[in-house]
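Proteins come first, then strands; the chains are lettered A, B, ... in the order of their sequence lines, and each starts at number 1.
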Number of protein chains: 2
Amino acid sequence: MFHVLLGTAIVASSFTASASFAAAATEEKVDLELITRLRDEAMNRSKAQEIFGVLTDEIGPRLTGSPALRKASEWTRSKFSEWGLQNVHSESFAPFGRGWTLEKTTLRMVSPSQFDVYAIPKAWTPGTDGMQRGKLMIAKMLADEDLAKWKGKLAGAIVLLDEPLPIKPHMKADAHRYSHEELDELTKVDFEAAPSRRGDLPTYIKQLAFRKKLRTFLTEEKVLAALNVTRGEDGTIFVQEGGSYKKDEATGPANLVVASETYNRLYRLVEKKKDVELEIDIKARFNDEDPEAAINVLAEIPGTDKKDEIVMLGAHLDSWHGGTGATDNAAGVAMVMEAVRLLKVSGFKPRRTIRIALWGGEEQGLLGSRAYVNKWVASRPEPTDPKELELPSFARKLTGPMSVKPMHGKISAYFNLDNGGGKIRGIYAENNAAVKPIFDAWLAPFNDVGATTTTLRSTGSTDHVSFDRVGVPGFQFVQDDMDYFSRTHHSSMDLYDKVQKSDLTQASLVLASFVAHTANRNDMLPRKPLPKDPPAEEKKEDGKETTASADGKK
Amino acid sequence: MFHVLLGTAIVASSFTASASFAAAATEEKVDLELITRLRDEAMNRSKAQEIFGVLTDEIGPRLTGSPALRKASEWTRSKFSEWGLQNVHSESFAPFGRGWTLEKTTLRMVSPSQFDVYAIPKAWTPGTDGMQRGKLMIAKMLADEDLAKWKGKLAGAIVLLDEPLPIKPHMKADAHRYSHEELDELTKVDFEAAPSRRGDLPTYIKQLAFRKKLRTFLTEEKVLAALNVTRGEDGTIFVQEGGSYKKDEATGPANLVVASETYNRLYRLVEKKKDVELEIDIKARFNDEDPEAAINVLAEIPGTDKKDEIVMLGAHLDSWHGGTGATDNAAGVAMVMEAVRLLKVSGFKPRRTIRIALWGGEEQGLLGSRAYVNKWVASRPEPTDPKELELPSFARKLTGPMSVKPMHGKISAYFNLDNGGGKIRGIYAENNAAVKPIFDAWLAPFNDVGATTTTLRSTGSTDHVSFDRVGVPGFQFVQDDMDYFSRTHHSSMDLYDKVQKSDLTQASLVLASFVAHTANRNDMLPRKPLPKDPPAEEKKEDGKETTASADGKK
């Protein structure tokens, strides 16, 4: 057995045959016998890459609302049942909106010379009516006055909306693993640096409104297609949504993101007054609301003496469409699925119930995990300010009072994996100082595979936030970022080969151990205080006092 | 005036108003006044990037034999005439063979799901007869016995010929500039490390023969298309020829190089026994022999008192087709064109004639520069051994005797630029020890812009070799390699944005100065001994003694 003295760096190691869990005020026990069994299964019989291969190569990109996400839901549930998990089911968070599937993209310059343009349509934008041909024009539109300027001049044209991307030599490696020094730096907290969830909101709101207006304008002006430049280089294209998944919102015309070096070439040719013509043929299929394609998938390993209490682990099943959603987030799904498989086949008997969640709608603003938390854990009233309602839900001011449901007090922790396909190097403790020594003790047996660091820092932009913001301990692991930001995140290169088998295996192992130790600890994990009421000026207009509401924490 | 004492590192600087050139046994004079004028023009009014933009963005890829190379020939000659150069003309090295132009590529998976496959046809491979659909099969064929195995089984199929590409995280930067230490290392010569031009010839000959056989086999078996994997990643595709430019040689069926991550995905799906179907629509145009598309372009600034002697500078105008031939070698062409423009507008009066050469057919084995050298400088008899005749000309054993033409003794030096789009960091002196102190002196005024290093090492694979191998001083500069080998060399990413304006400007300036100093030096540059006879066993069968023949130098 492996003991870590709280608050110190001194580690003492001992072993008992029973390898049982025991509570103590000053030490955190670690079940090394269980870890050995998990480690054996992970090292020698890991299924993580196999699961990852089905999600990416076979099912492909899994846009929320689309048939592929329904398929992923069906397949993951079938795996959970096959492994003997209990209470396997999906929960829909519909109404979501329409689905969208890309079927075909052809874009090429046909005059003054001929070449194929590498481009990917944005999600929820329409196809063309078969093969079309249009004159290429530069038409920058950033504000209302630009629309007035271009009115009546763009019919049948393909327009370049962006400036060319300035391209500089890549003197820095695309991929990165944390050094010891960088991990050490990560444990340092700067109160001033805390990011605001609503920091650049005025700009964001303005852009959002203009983009909607622009879509309608481009359709009214009968623009054949609109082209944007990617921030990627070397053939890598970053692409998200163009139109809206909401049924009553305009999609605009066909809208593609073009490989930067080629976009720049097209732009320069038009700038030189060449008559540039492109041929375009896009086929994209919308589908109506499918409740089974707007889902969370859930399954359990039931607990024993503390079975009403829960430890959760999760990752999001949905993805963008440019690649196959490999690092974002089939990798996380494979890691969490493999973690529960490791626990199941190792014969581990959890005291608390282990619940795995595969979320949908994460890419549209944590929709799945927020719906789950709202329904089962804690909810807040809808805002009444019409301006707030125009915003996407993640950007709205928090409201109060928070209504706490029975499950709120039963979830010991939620563990999330969604920072790419890299292995686990540590965990973000989300300013919960009391969990740091516990996590340090749980990481100690995995120092040799690179997992070492608990930082009190918080991190955002993924599903643990849905739990953290209602006061339930929610954690995201620190993962090697690899080429997540340079190459794969929401890009055409988010593909199977970008994730290393050994990283999948390591992460599933560390996660399995964290979940097991959370499940069998005598006490639930320590919590932070409940989120505070919003400041007075953010309270609801009826002036009622709120009881348990949340601050503006990212 | 700038003096460098021969064989020492001591540099003395002085200045005379006339800035004339003077010969001295122990010093190499440098015309700093001229350099100041060249530098002013290069820094403030460079046309290098503009020239580069026309060649890449406008004319596009310039495959030998194709209309685009003819167009490039016409445009460069018009520029030379506009600048007031003399004797502007092209010389054809036809018969070359057929030209080839890619017009359209569509490849996508249509079953079991749908996605666009990023792929580029190999040069001189045919299109498909409109849109076709075929089953995808893995069919590795590396030797005759594989052909027997697959006979009768591939009709209508699209075949994956290669194993998947193993893909590892990119922990090293794509782009690179030489450090001082690396340049210093480059000056060290290891006699053991001299590469052999015919080193792995048996393997090469075997592969060449099998590839021809495979093309015919694939056509006979009615294969719809063959797919290879690129060595590139992230959407970068490296692609050269598939079929042959020789009219009587088989092209095989459509043959494409596929982006590696996607090739790997297709391969894994077939390996998992999925029924994979692809749709393919390739349009490629062959054109018959066009003598004006198999050319070298030549132009001169006539000399004065030594006008019968010549200094040459050159780069190759032809390219592969995957990108726009930017770093290979529109950059070199822009640098050499800008160098002569700098000399012309600076009012420089050369004593020797300056001749610029833009070569065709470099990518098919230095065809243009070899034809030029054969015709004007020195030639060797065709080999009589039928096995040698089967080889591409650059791989054949040298024959003797070498016939030396009048121009052989008149070319002081040939300077080449074809190591990508990076700036000049030095020059390869090709084991000619006597030129090292001269080049060191000429580099000294450009140390501040990074050009510092003369190495006695030799380098190959481009057009200076055609001169060096007949005993005429031929030199290639050391250039920062940037992302030439990782991204741009013979790839889809060989595009305008991959070359920095400042690198084009620097290289054209340094080259202009080298050419000027070669032109106005009292003596021609020192030469190496004439290439030796081939060893006795390589002599022609009639036993005649050869007089001036060549050894097998790299």
Side-chain angles (χ1 to χ4, degrees), chain A residues 53 56-61 68 101-106 108 110 112-116 118 120 164-177 232-237 259-262 264-265 268-269 272 274 279 281 283 323-324 422 482-483 486-487 492-493 495-498 500, chain B residues 53 56-61 68 101-106 108 110 112-116 118 120 164-177 232-237 259-262 264-266 268-269 272 274 279 281 283 323-324 482-483 486-487 492-493 495-498 500:
Chain A
T56 53
D57 285 344
E58 296 183 40
I59 298 175
T101 305
L102 177 61
E103 297 192 344
K104 171 169 147 180
T105 311
T106 300
R108 64 187 191 109
V110 290
S113 63
Q114 296 179 298
F115 70 90
D116 297 298
Y118 184 38
I120 302 179
L165 184 81
I167 291 177
K168 287 288 162 202
H170 291 210
M171 308 305 287
K172 203 170 150 258
D174 286 340
H176 168 259
R177 289 191 189 273
E233 297 175 16
D234 305 308
T236 300
I237 295 178
S260 55
E261 296 87 350
T262 305
N264 291 1
R265 181 181 178 193
R268 287 186 298 264
L269 288 173
K272 284 179 176 182
K274 305 287 173 194
E279 235 177 40
D281 184 5
K283 207 170 156 193
T324 57
M482 310 306 291
D483 53 1
S486 61
R487 291 286 171 199
S492 57
M493 282 300 119
L495 299 170
Y496 178 94
D497 290 280
K498 287 296 192 174
Q500 306 305 305
Chain B
T56 53
D57 285 343
E58 296 184 38
I59 297 175
T101 305
L102 177 61
E103 298 192 343
K104 171 170 147 180
T105 310
T106 300
R108 62 187 192 110
V110 289
S113 61
Q114 296 179 297
F115 70 89
D116 297 298
Y118 184 38
I120 302 179
L165 184 80
I167 291 176
K168 288 287 162 201
H170 291 210
M171 307 305 289
K172 206 171 148 257
D174 286 341
H176 168 258
R177 290 192 188 272
E233 297 174 17
D234 305 308
T236 300
I237 296 178
S260 55
E261 296 87 350
T262 306
N264 292 1
R265 180 182 178 192
L266 292 171
R268 287 187 298 262
L269 288 174
K272 284 180 177 183
K274 305 288 172 192
E279 235 177 39
D281 183 4
K283 209 170 155 193
T324 57
M482 310 306 291
D483 53 0
S486 60
R487 291 286 172 199
S492 57
M493 283 300 118
L495 299 170
Y496 178 94
D497 290 280
K498 287 296 192 174
Q500 306 305 304

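Within the 3.5 Å criterion, the main-chain N or O of A:Thr105 finds no donor-acceptor partner in the side chain of B:Arg108. Of the possible polar contacts, none joining the A:Arg265 side chain to the B:Asp497 backbone as a donor-acceptor pair under 3.5 Å is found.
Contacts of B:Ser492 with chain A are absent, with no heavy-atom separation under 4.5 Å from either backbone or side chain. Heavy-atom distances place no part of A:Pro112 under 4.5 Å from chain B, backbone and side chain included. Heavy atoms closer than 4.5 Å to chain B are found in the side chain of A:Gln500, but not in its backbone. Contact annotation for A:Lys283: neither backbone nor side-chain heavy atoms come within less than 4.5 Å of a heavy atom of chain B. Residue A:Asp116 touches chain B through its side chain alone, counting heavy-atom pairs closer than 4.5 Å. Of the atoms belonging to B:Ser486, not a single heavy atom falls under 4.5 Å from chain A.
Taking OG1 of B:Thr101 as the reference point, atom CD of A:Gln114 lies at 8.5 Å (rounded to 0.5 Å). Separation of atoms CD (A:Glu58) and CG (B:Leu269) is listed at 6.5 Å; rounding is to 0.5 Å. Distance CD1/B:Ile120 to OH/A:Tyr118: 11.0 Å, rounded to 0.5 Å. Summarising the geometry, atom CD belonging to B:Glu261 is positioned 9.5 Å from atom CZ belonging to A:Arg487; distances are rounded to the nearest 0.5 Å. Interatomic distance, CE of B:Met482 versus CE of A:Met171, reported as 5.5 Å (0.5 Å rounding). Taken from NZ in A:Lys172 to NE2 in B:His170, the straight-line distance is 15.0 Å, to the nearest 0.5 Å.
Ranked by heavy-atom pairs under 4.5 Å with chain B, the first of A:Gly53, A:Gly235, A:Ala175, A:Ala68 is A:Ala175. Your options are B:His176, B:Lys272, B:Lys274, and the one with the most heavy-atom pairs under 4.5 Å with chain A is B:Lys272. Among the candidates A:Arg268, A:Glu103, A:Glu279, the residue making the largest number of heavy-atom pairs closer than 4.5 Å to chain B is A:Arg268. For chain B, the option among A:Leu495, A:Asp174, A:Asp281 with the highest count of heavy-atom pairs below 4.5 Å is A:Asp174.
For A:Pro164, the side chain to side chain contact (heavy atoms under 4.5 Å, CB included) partners two or more places apart in sequence, or in a different chain, are A:Asn264, A:Tyr267.
In this structure, B:Lys498 pairs ionically with A:Asp234, as a charged nitrogen and a carboxylate oxygen lie closer than 4.0 Å.
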